[in-house]
Protein chains: 2
Amino acid sequence: MNFELDSYDRKIIALLQENARLSWSEIGRQIHLTSPAVAERVKRLEEAGVIMGFTTRINLRALGYSFEAMIQVTVESHDALDRWAAAHPEVLAVHATTGNHCAILRLAVSAPEHLQSLLKSLGDIGKTSTSVILSSQCEERPRLPADQLPRR
Amino acid sequence: MNFELDSYDRKIIALLQENARLSWSEIGRQIHLTSPAVAERVKRLEEAGVIMGFTTRINLRALGYSFEAMIQVTVESHDALDRWAAAHPEVLAVHATTGNHCAILRLAVSAPEHLQSLLKSLGDIGKTSTSVILSSQCEERPRLPADQLPRR
DNA sequence: TCTGAAATATCTCCACC
DNA sequence: GGTGGAGATATTTCAGA
């Protein structure tokens with residue numbers, strides 16, 4: 001990633017992380033640029049792969065899920081795990097990792113029985129170790145550039 | 001969460017998850033509603049807490065981070081952990097969980113030395129067990145309503 | 001790369017159903 | 001809850017610097 005972000009880019013990114021639906025002209029007003037300038041910068045950031053997309057955060061409970069779980073998995077075949085994950089929309093993320101296990105899955109379930117049936121089917125692929133998520137924080141926090149981290 | 005989503009709501013949510021910047025009129029064209037109708041539904045979904053916000057997915061590498069790690073933490077004081085997380089923008093998420101550990105942290109680091117210094121400071125609060133994330137999948141996948149999951 | 005201006009599209013009310 | 005229309009905003013495009 002050899003794309004140098006200037007301070008305008010960083011401000012645009014910060015604003016768009018907070019609200020992806022801000023108009024270019026509103027952003028321009030806040031950072032003192034005209035809307036065509038903002039639009040072109042955003043387009044460049046998208047083309048450079050810095051901005052990967054604009055999404056909507058949805059309340060999983062509103063979709064009928066009641067809680068989330070983290071599952072550490074040890075598998076023989078990563079392909080089998082990938083296929084399992086692709087086939088299950090409950091899977092929110094699959095992280096291949098170093099460590100005793102092979103991967104960490106985060107998934108959303110509608111009920112304990114739902115989790116049980118997922119674990120049963122996942123058990124055919126590998127060994128699992130499950131933690132229920134009680135609460136989550138920081139997920140909505142804007143991502144700072146690494147060179148802008150506060151001094152400690 | 002006692003909010004019944006009808007099929008229009010679900011289509012709007014699906015479209016907005018893919019691209020949060022679609023215009024109301026473009027959404028209306030695709031689902032056969034007028035733009036004021038779409039705008040009012042989105043407003044209701046936001047007020048009901050179904051739509052929690054519109055965000056931008058940013059490439060962490062473009063911000064100067066080179067990899068992510070998952071850290072299982074066992075702490076005496078959850079408050080101390082929360083303060084630590086709040087003070088460190090590298091923390092992408094804190095999940096309080098059931099299990100042998102107390103919480104699982106996901107964080108972004110710029111270099112191995114960066115991870116090392118974070119672990120050192122986190123070590124003052126509790127015990128840690130760290131896995132480096134090699135690759136991640138499914139994070140960009142749209143969230144389906146639980147009652148719409150494919151039959152298996 | 002930005003600005004300014006013109007053409008096009010969208011949003012926001014609001015009356016009505 | 002929806003539509004359709006009117007006025008205000010926003011986006012897009014492009015010439016010029």
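In the text below, chain A, chain B and the rest are named by the order of the sequence lines, each starting its count at 1.
Electrostatic pairing of E68(A) and R106(A) counts as a salt bridge here, judged by a charged N lying under 4.0 Å from a carboxylate O. The pair R41(B)-D6(B) meets the salt-bridge criterion, with a side-chain N (NZ, NE, NH1 or NH2) lying under 4.0 Å from an Asp/Glu carboxylate O. Taking the charged nitrogens against the carboxylate oxygens, E46(A) and K43(A) have no contact shorter than 4.0 Å, which rules out a salt bridge.
Considering every non-hydrogen atom in both A69(B) and T130(B), the closest pair reads CB-CG2, 4.2 Å. For H101(A) against V73(A), the heavy-atom pair with the smallest separation is CB-O, 3.5 Å. Shortest non-hydrogen contact noted between L16(B) and T56(A) is O-OG1, 2.8 Å.
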Nucleotide N/O of nucleotides 5-7 of chain D paired with protein N/O under 3.5 Å:
none

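Taking the nucleotide of DNA chain C with the nearest heavy atom to each of R21(A) and A37(A), the more 5' of the two is matched to A37(A).
Whole-Å rounding puts the R41(A) CZ to dT3(C) P distance at 9 Å. Atom pair L33(A):CG and dT11(D):C1' shows a separation of 16 Å (rounding to whole Å applied). Protein atom NE2 of H32(A) is 12 Å distant from nucleotide atom P of dT3(C), rounded to whole Å. Atom CG in D9(B) sits about 9 Å away from atom P in dG1(D), given to the nearest Å. For the pair E26(A) CD and dT10(C) C1', the computed distance is 16 Å after rounding to whole Å. Distance E40(B) CD to dC17(C) P: 18 Å, rounded to the nearest Å. One atom, CD1 of I31(A), and another, P of dT3(C), lie 10 Å apart when rounded to the nearest Å. For W24(A) and dA10(D), the CH2 to C1' distance is 11 Å, given to the nearest whole Å.
In terms of modelled atom types and a separation under 3.5 Å, the side chain of R141(B) and the main chain of A86(A) share a donor-acceptor contact.
Proximity of T34(A) to the phosphate of dC2(C): no side-chain N or O atom is located under 4.0 Å from OP1 or OP2. Close to dT11(D), at under 4.0 Å from its OP1 or OP2, lies a side-chain N or O of S25(A). Contact check, R29(B) against dA9(C): no side-chain N or O comes under 4.0 Å of OP1 or OP2.
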